[in-house]
Amino acid sequence: MRWGVLQFPGSCDERDALLACERAGGEARLVWHESRDLDGVDAVVVPGGFSYGDYLRAGAIARFSPAMEAVAEFAAAGGPVLGICNGFQVLCEAGLLPGALLRNENLRFVCRQVRLVEAGPGEDAGRTLSIPAKHGEGRYYAPPEVLDRLEANGQIAYRYARGENPNGSLRDIAGVRNEAGNVLGLMPHPEHAVDPLTGSTDGLRVFEAVAGARA
């Protein structure tokens, strides 16, 4: 398994994502935002941080980068893509995932451990993961008809556990998939939950699920 981790000006979690990819199995390399060459990777991670300083709006500039053009083509061909926090915002801005991420309901940056519940079809639905969240614009929003469609199609990948929604996301949504199931975005940071020393290895399940979506 060969992973490519994008790096934008303002990325801050790409090194942790590299380590998480390697621990999930395989090798990982950085892909600079100006490059359209994904170098034959099997999966792509769009990491967290503050791409382009979050100017205009989180992810609004990064979505126009040459690397994201390549990611869009990769995803259209069935390649697995994982967007984490700012990466989730970028994927929504690029139209690779539905909805948008708005400022947290309390207008404050949050940084704490949260419990996620695996959603959608499958035998692991309902399983709880402990993963840290750190964001200021993590409130998932989509019109009611889009939310209903996501529910019906099993595109909601993760929800915040009851009482642990840190940002006011509609229907407690923490992560969603595209219709094909090969593009996943979530706000909490699974790359920070891959070592027992940090209190949880539950994040590895997210990377392993992405690896399992390889076309």
Residue pair E34 / S65, side-chain donor-acceptor N/O under 3.5 Å | no
Just checking, is any N or O donor in the side chain of D13 or H192 under 3.5 Å from an acceptor N or O on the other one?
-> yes
When you check the gap from the basic side-chain N to the acidic O, do E118 and R127 get nearer than 4.0 Å?
-> no
Where is the tightest heavy-atom contact between A17 and V5, given as atom of each residue plus distance?
-> CB-CG1, 4.0 Å
Connected via hydrophobic side-chain network under 4.5 Å: V46 and L30 | yes
Short question: side chain of S200, backbone of S130 - any donor-acceptor pair under 3.5 Å?
-> yes
So if you build clusters from Ile, Leu, Val, Met, Phe, Trp, Tyr with side-chain heavy-atom gaps below 4.5 Å, do L184 and V194 land together?
-> no
For the pair E151 and R159, find out whether any cationic side-chain nitrogen is under 4.0 Å from an anionic carboxylate oxygen.
-> yes
Trace of the side chain to side chain contact (heavy atoms under 4.5 Å, CB included) decision for L82 with V44 = CA-CA 6 Å; L82 169 63; V44 172; over 6 Å; no
Does V110 belong to the same Ile/Leu/Val/Met/Phe/Trp/Tyr cluster as L186, with side-chain heavy atoms less than 4.5 Å apart forming each link?
-> no
Enter the distance from L107:CG to E137:CD here, rounded to the nearest 0.5 Å.
-> 10.5 Å
Linking I/L/V/M/F/W/Y whenever their side-chain heavy atoms sit closer than 4.5 Å, directly or via other members, would Y141 and L91 fall into one cluster?
-> yes
Inter-residue atom distance E191.CD - C21.SG, 0.5 Å rounding | 9.0 Å
To the nearest 0.5 Å, tell me how far W32 CH2 sits from E14 CD.
-> 9.0 Å
In terms of hydrophobic clusters joined by side-chain contacts under 4.5 Å, are L204 and V45 together?
-> no
Would R171 and D148 pass as an ion pair if we require N to O under 4.0 Å?
-> yes
Taking every heavy atom of D195 against every heavy atom of L197, the minimum-distance pair comes out as OD1-N, 2.8 Å
Using distance alone, with no hydrogens and no angle criterion, decide if N86 and S51 have a side-chain donor and acceptor under 3.5 Å apart.
-> yes
Begin with the C-alpha distance, continue with both residues' side-chain angles, and end with the deciding distance and a verdict on side chain to side chain contact (heavy atoms under 4.5 Å, CB included) for L170 and L147.
-> CA-CA 9 Å; L170 296 180; L147 293 173; 3.8 Å; yes
Between D39 and R2, is there a side-chain N and carboxylate O pair less than 4.0 Å apart?
-> yes
Side chains of Q7 and H33: does their closest heavy-atom pair fall under 4.5 Å?
-> no
State, with a plain yes or no, whether a side-chain heavy atom of R177 is found less than 4.5 Å away from one of I156.
-> no
Could you verify whether a donor N or O on one side chain and an acceptor N or O on the other, from S35 and D37, lie under 3.5 Å apart?
-> no
Quick one: NE2 on H135 to SG on C85, what's the gap to the nearest 0.5 Å?
-> 6.5 Å
Evaluate the criterion side chain to side chain contact (heavy atoms under 4.5 Å, CB included) for residue pair W3 and M1; output intermediate values, then yes/no.
-> CA-CA 6 Å; W3 300 79; M1 187 77 179; 3.4 Å; yes
Tell me, yes or no, whether the heavy-atom count around R36 atom CZ, taken from other residues, nucleotides or ligands under 6.0 Å, exceeds 12.
-> yes
Mind listing the closest non-hydrogen atom pair of R112 and E164 along with its distance?
-> NH2-O, 3.8 Å
Nearest heavy-atom contact between I131 and P190 is CG2-N, 3.6 Å
Carefully, step by step, assess L116 and T128 under the rule side chain to side chain contact (heavy atoms under 4.5 Å, CB included).
-> CA-CA 5 Å; L116 299 184; T128 301; over 6 Å; no
Nearest heavy atoms of V117 and G126, plus distance in Å | CG1-CA, 3.7 Å
Could you go through the salt bridge (charged side-chain N to carboxylate O under 4.0 Å, His left out) check for R162 and D172 one step at a time?
-> CA-CA 8 Å; R162 184 186 298 265; D172 294 326; over 6 Å; no
Starting at CZ of F88, measure out to CG of L101 and round the result to the nearest 0.5 Å.
-> 5.0 Å
Side-chain donor or acceptor of N104 paired with backbone N/O of G138 under 3.5 Å | yes
Sort out for me which residue in Y160, Y158, Y140 forms a side-chain contact (heavy atoms from CB on, under 4.5 Å) with I173.
-> Y140
Looking only at atom types and distance, does a side-chain atom of N178 sit under 3.5 Å from a main-chain N or O of L97, one as donor and one as acceptor?
-> no
Quick check: does any side chain N or O of N153 sit under 3.5 Å from a backbone N or O of Q155, one acting as donor and the other as acceptor?
-> no
Any chance you could measure D16, atom CG, to S11, atom OG, to the nearest 0.5 Å?
-> 12.0 Å
Where is the tightest heavy-atom contact between F8 and A62, given as atom of each residue plus distance?
-> CE2-CB, 3.8 Å
Does atom OH of Y55 have more than 12 heavy-atom neighbours, drawn from other residues, nucleotides or ligands, at distances under 6.0 Å?
-> no
